[in-house]
Undergrad: 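Attaching a single structure in structure tokens format; questions to follow.
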Amino acid sequence: MLYYLRMHRILIINGSFRKKNTFSILKKIEDSLSGNEIDFVNIKDFNIKPCTGCETCLKKGFCPINDDCNKVFEKMVKADGIIIGNPVYLRQLSGYLKILFDRACSWYHRTPLYGKPVFLVSTTQASGLNSTDKLLHDITDQWGMIYTGSVLSSVFNRNKILSDESNWLKKFNFYLDSKNKRYYRPSFKMIFEFSTQKMLAKNVLTLDKEYWNEKKWFSMPYYYKCRINPLKKLTSLIFYKIGSHFIGKSMKK
Ligand SMILES: Cc1cc2nc3c(=O)[nH]c(=O)nc-3n(C[C@H](O)[C@H](O)[C@H](O)COP(=O)(O)O)c2cc1C
């Protein structure tokens with residue numbers, strides 16, 4: 001019998017200016033993913049300007065800033081899975097990643113990354129690992145991605161971590177095959193976030209409504225077919241109906 005193994009496209013993003021702590025973990029990961037098509041991006045090599053807050057992306061579907069941002073976005077959209085590496089700056093994301101993610105503001109409403117696995121790497125001297133990891137996790141959940149784990153590195157475990165990568169990517173590899181997303185169980189929070197965006201798409205932003213219609217998401221409990229227990233489905237539906245009623249009413253005023 002002939003088996004066809006598809007090569008997956010994986011994007012690795014190094015959110016540091018340096019090629020040091022974050023980079024070395026990402027390189028380990030790159031090595032362990034050999035056999036796939038890997039695009040390793042050092043974000044400092046791209047000219048990405050900060051968001052000006054004009055909201056054109058939300059209202060008209062494009063960003064008027066002319067820089068390299070779309071080059072990185074295209075890579076993210078094209079990838080089957082994404083690894084994000086972040087050096088902790090002031091207990092949070094590095095400026096590079098924060099600027100990039102601010103520019104993806106419309107993805108909170110119209111995500112192109114739903115169902116793609118993501119793996120997170122954060123490195124610090126000593127503090128801020130959990131807060132940074134939580135923020136990255138929240139952002140990627142909001143994009144409908146499948147969180148598959150994190151590596152958190154500080155001076156206390158730096159050397160040990162580099163010799164410990166064997167199990168990191170098991171879940172990531174599993175969800176690289178997009179057929180497997182049907183086994184995923186989104187959390188309550190993710191389903192409620194989905195319902196909240198559905199409410200906004202139905203009642204507030206025209207572009208969102210078009211996108212959600214095109215994706216057929218209005219009739220779905222989540223972005224794609226997956227495992228959601230009936231209680232979660234029911235409560236999120238009630239939440240959506242009530243919220244939609246009140247938003248619809250306030251929009252008419
Ligand atoms: C601007 C800046 C802010 C930082 N903030 C923190 C911090 O809040 N807590 C901490 O423990 N380390 C902090 N660090 C140290 C880095 O998080 C740490 O060295 C990280 O591993 C650097 O990653 P890199 O080698 O990939 O650049 C900071 C470093 C810089 C340059």
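Please read all numbers here as calculations on a predicted model, not as lab measurements. Atoms within each ligand, like the ligands themselves, are counted from 1 in listed order. Values reported hereafter were calculated over all heavy atoms of this structure, with side chains retained and with hydrogens, waters and symmetry mates removed. Start at 1 with the first residue, then count along the sequence.
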Undergrad: Is any side-chain N of the basic residue among Lys78 and Asp39 closer than 4.0 Å to the acidic one's carboxylate O?
TA: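 No, this pair does not count.
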Undergrad: What I want to know is whether Arg18 and ligand 1 share at least one N or O pair that is separated by under 3.5 angstrom.
TA: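 Yes - when backbone and side-chain N and O of Arg18 are compared with those of ligand 1, one distance drops under 3.5 Å.
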Undergrad: So between Val88, Asn14, Leu129, whose heavy atom ends up nearest atom 6 (C) of ligand 1?
TA: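 Looking at heavy atoms only, the winner is Val88.
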Undergrad: Please confirm whether the ring centroid of Trp143 lies under 6.0 Å from the ring centroid of Phe194.
TA: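 No: the rings miss the under 6.0 Å criterion.
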Undergrad: Check whether Phe40 forms a cation-pi arrangement with Lys27 (NZ or CZ under 6.0 Å from the six-membered ring centre, at most 45° off the ring normal).
TA: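 Output yes; distance and angle both within limits.
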Undergrad: Given Gln92, Gln125, Lys19, Lys20, which one has a non-hydrogen atom that is nearest to atom 19 (O) of ligand 1?
TA: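 Closest candidate by heavy-atom distance is Gln125.
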Undergrad: Is a salt bridge present between Lys28 and Asp31, judged by a nitrogen-to-oxygen distance below 4.0 Å?
TA: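 Looking at Asp31 together with Lys28, the answer is no, because their closest N to O distance does not fall below 4.0 Å.
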Undergrad: Counting non-hydrogen protein atoms only, what is the nearest one to atom 26 (O) of ligand 1? Give residue, atom name and distance.
TA: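 For atom 26 (O) of ligand 1, the nearest protein heavy atom comes out as Thr22 OG1, 2.6 Å.
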Undergrad: Starting from atom 21 (O) of ligand 1, find the nearest protein heavy-atom neighbour and note its residue, name and distance.
TA: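 So the nearest neighbour among protein heavy atoms is Thr123 OG1, 2.7 Å.
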Undergrad: Which atoms of ligand 1 have any heavy atom of Arg91 under 4.0 Å away?
TA: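 Counting from 1, the qualifying ligand atoms are 7 (C), 8 (O).
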Undergrad: Between Tyr114 and Trp217 (judged by ring centroids, cut-off 6.0 Å), do the two rings come close enough to count as a pair?
TA: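 Judged by ring-centre distance (under 6.0 Å), Tyr114 and Trp217 do meet the cut-off.
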Undergrad: Write out the residue and atom name of the closest protein heavy atom to atom 27 (O) of ligand 1, then the distance separating them to 0.1 Å.
TA: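 Looking only at protein heavy atoms, the one closest to atom 27 (O) of ligand 1 is Ser16 OG, 2.6 Å.
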Undergrad: Below 4.0 Å, non-hydrogen atoms only: which portion of Ser127 touches ligand 1? Side chain, backbone, both or neither.
TA: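 It is both parts that get close, each with some atom under 4.0 Å.
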Undergrad: Are Phe174 and Phe172 close enough that their ring centres sit under 6.0 Å apart?
TA: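 Ring centroids of Phe174 and Phe172 are no less than 6.0 Å from each other.
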Undergrad: Starting from atom 31 (C) of ligand 1, locate the nearest protein heavy atom and write down its residue, its atom name and how far away it is, to 0.1 Å.
TA: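 That would be Tyr89 CE1, 3.7 Å.
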Undergrad: Between Pro87 and ligand 1, does any nitrogen or oxygen pair lie at a separation below 3.5 Å?
TA: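 Between Pro87 and ligand 1, no N or O pair is found under 3.5 Å apart.
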Undergrad: Does a side-chain N-to-carboxylate-O contact under 4.0 Å join Asp208 and Arg110?
TA: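 Looking at Asp208 and Arg110, the cut-off is met.
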Undergrad: Pairs of nitrogen or oxygen atoms closer than 3.5 Å, one from Phe23 and one from ligand 1: do any exist?
TA: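 By distance alone, the answer is no.
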Undergrad: What atoms of ligand 1 come closer than 4.0 angstrom to any heavy atom of Leu90?
TA: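 Under 4.0 Å from Leu90, ligand 1 has these atoms: 3 (C), 4 (C), 5 (N), 6 (C), 7 (C), 8 (O).
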Undergrad: Atom 10 (C) of ligand 1: which protein heavy atom is closest, and how many Å away?
TA: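 Going atom by atom, the protein heavy atom closest to atom 10 (C) of ligand 1 ends up being Thr124 OG1, 3.0 Å.
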Undergrad: Any idea which heavy atoms bring Leu93 and Ile139 closest together, and the distance?
TA: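 The pair with the smallest heavy-atom distance is CD1-CD1, 4.1 Å.
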Undergrad: Is the charged tip of Lys202 near the ring of Phe218: under 6.0 Å from the six-membered ring centre and within 45° of its axis?
TA: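 That pair qualifies as a cation-pi contact.
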